[in-house]
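What follows is a single structure, written as structure tokens, with notes after it.
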Amino acid sequence: MPELPEVETTRSGIEPHILHRTISVVTVRDPRLRWPVPPGLSGHLEGCEVRSVKRRGKYILLDCGRGHLILHLGMSGSLRLVAEGTSAAAHDHVDIQFDHGVVLRLRDPRRFGAVLWTEEPPVQHPLLRDLGPEPLGGGFGPDYLYKRSRGRRGGVKPFIMDGHVVVGVGNIYANEALFIAGIRPDRAAGRISRARYAALVAAIRDVLAQAIEKGGTTLRDFVNDAGKPGYFSQQLQVYGRGGEPCTRCGAVLAETRLGQRSTVFCRHCQR
DNA sequence: CCCAAGACCTGGCGGC
DNA sequence: TGCCGCCAGGTCTTGG
């Protein structure tokens, strides 16, 4: 999936095109996403004006007045804006057409994404209710991570990738942030000092904010709303560089698996 | 509660 | 060229 910067880039990219616009037709070509697309989705959405386009973690939230649309892009999902009448390609599962001739189109080859409807405030939805703080917002900081980590014996990388601890830190940026902070990904989360968590928090914020600023990293599937790939991946220091030299010390970067996720780090620079 | 592993999918790549 | 195993940006669910 898109990581948080890609989701935010998507959100900010679609917002000006659909905010205060009215949904005219909803087409579900394949409802088999992570959870089935609700059968009544068209009825809920058609005739609604989009009142806001927000994000919580990696969920994109459309306020439709009588309810909220919750979107998640999974591993391979993307949202694009196309002109009404543009033919759908493979994996274009859901279209949300607006009355000004624009279609918001969800493509998701692996179908790990989600399209859900809720009539409650979306943050009360079971999937969002227990999420940790936003990494770029208040409520996330060295003290918070330090306290949350006490007693935890698992590696710090799986710890910061747990959305119930902090949202939006995916595999790419977890690797990058730990490199920048000089912390080994497999170090027990509960045995890291407050000072080192301060460095980690700064690194997480830095790497995410920079990626958002650059419009999101692209590795494979992500395409922004203009249909052009992002270009941030060449700036990655460790992710995808196992076996290559560390940009700081030149040592060969180690590659291993942690929590079943590919993990790259420098044995010399990260302790 | 914490943690590791399994589950859900398709497509692209390297190796034989 | 074809087939096969492995890998991929997430995260919910299950079992110990």
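Reckoned from all heavy atoms, side chains included, excluding hydrogens, waters and symmetry mates. Only a predicted model underlies this, so the values are computations on that prediction, with no experimental measurement involved. Chain A is the first sequence line, chain B the second, and so forth, proteins listed ahead of strands; every chain is numbered from 1.
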Any A:Asn175 side-chain heavy atom under 4.5 Å of A:Thr263 side chain: yes

Close side-chain approach of A:Arg241 to A:Thr247, heavy-atom, < 4.5 Å: yes

Looking only at the side chain of [X] (C-beta and beyond, no hydrogens), which of the listed nucleotides [options] gets closest?
X        : options               : value
A:Arg110 : B:dC9, C:dT11, C:dG9  : B:dC9
A:His91  : C:dT11, B:dT10, C:dG9 : B:dT10
A:Trp35  : C:dT11, B:dC3, C:dC12 : C:dC12
A:Gln260 : B:dG6, C:dG9, C:dC12  : B:dG6
A:Arg152 : C:dG10, B:dC2, C:dG9  : B:dC2
A:Arg257 : C:dC12, C:dG9, C:dA8  : C:dA8

Rounded to whole Å, how long is the line connecting atom [atom1] of [X] with atom [atom2] of [N]?
X        : N      : atom1 : atom2 : value
A:Asp108 : B:dC9  : CG    : P     : 12 Å
A:Met161 : C:dT11 : CE    : P     : 8 Å
A:Phe112 : B:dT10 : CZ    : P     : 9 Å
A:Met75  : B:dA7  : CE    : C1'   : 12 Å
A:His72  : B:dC9  : NE2   : P     : 17 Å
A:Asn171 : C:dG9  : CG    : P     : 5 Å
A:Arg261 : B:dA5  : CZ    : P     : 14 Å
A:Asp30  : B:dC9  : CG    : C1'   : 11 Å

Residue whose nearest DNA chain B nucleotide is more 5′ - A:Leu33 or A:Gly154: A:Gly154

Side-chain ion pair, A:Arg21 and A:Asp99, N-O less than 4.0 Å: no

Cation over ring face, A:Arg205 and A:Phe140, 6.0 Å, 45°: no

Pairing string, 5' to 3', for DNA chain C - Watson-Crick or wobble contacts under 3.5 Å, brackets [ ] where pairs cross, | to another strand: .|||||||.|||||||

Gap between atom CG of A:Leu145 and atom CD1 of A:Ile192 - 0.5 Å precision: 9.5 Å

Sugar-phosphate only, base, or nothing, as touched by A:Arg32 at under 4.0 Å among non-hydrogen atoms: nothing

Touch class at under 4.0 angstrom, heavy-atom based, for A:Arg111 against every strand present: sugar-phosphate

Whole-Å P distance, C:dT14 and B:dC9: 15 Å

Span that lies between the P atom of C:dC12 and that of B:dG11, in whole angstrom: 25 Å

A:Tyr173 side-chain N/O to C:dG9 phosphate OP1/OP2 under 4.0 Å: no

Short side-chain N/O contact from A:Ser262 to OP1 or OP2 of C:dA8, under 4.0 Å: yes

Parallel, tilted or perpendicular: ring planes of A:His44 versus A:Trp117, cut at 30 and 60 degrees: parallel

Partners passing side-chain contact (heavy atoms from CB on, under 4.5 Å) against A:Arg34 (at least two apart in sequence or in another chain): none

Contact summary for A:Tyr239 and A:Asn171, nearest pair of heavy atoms: CE1-ND2, 3.7 Å

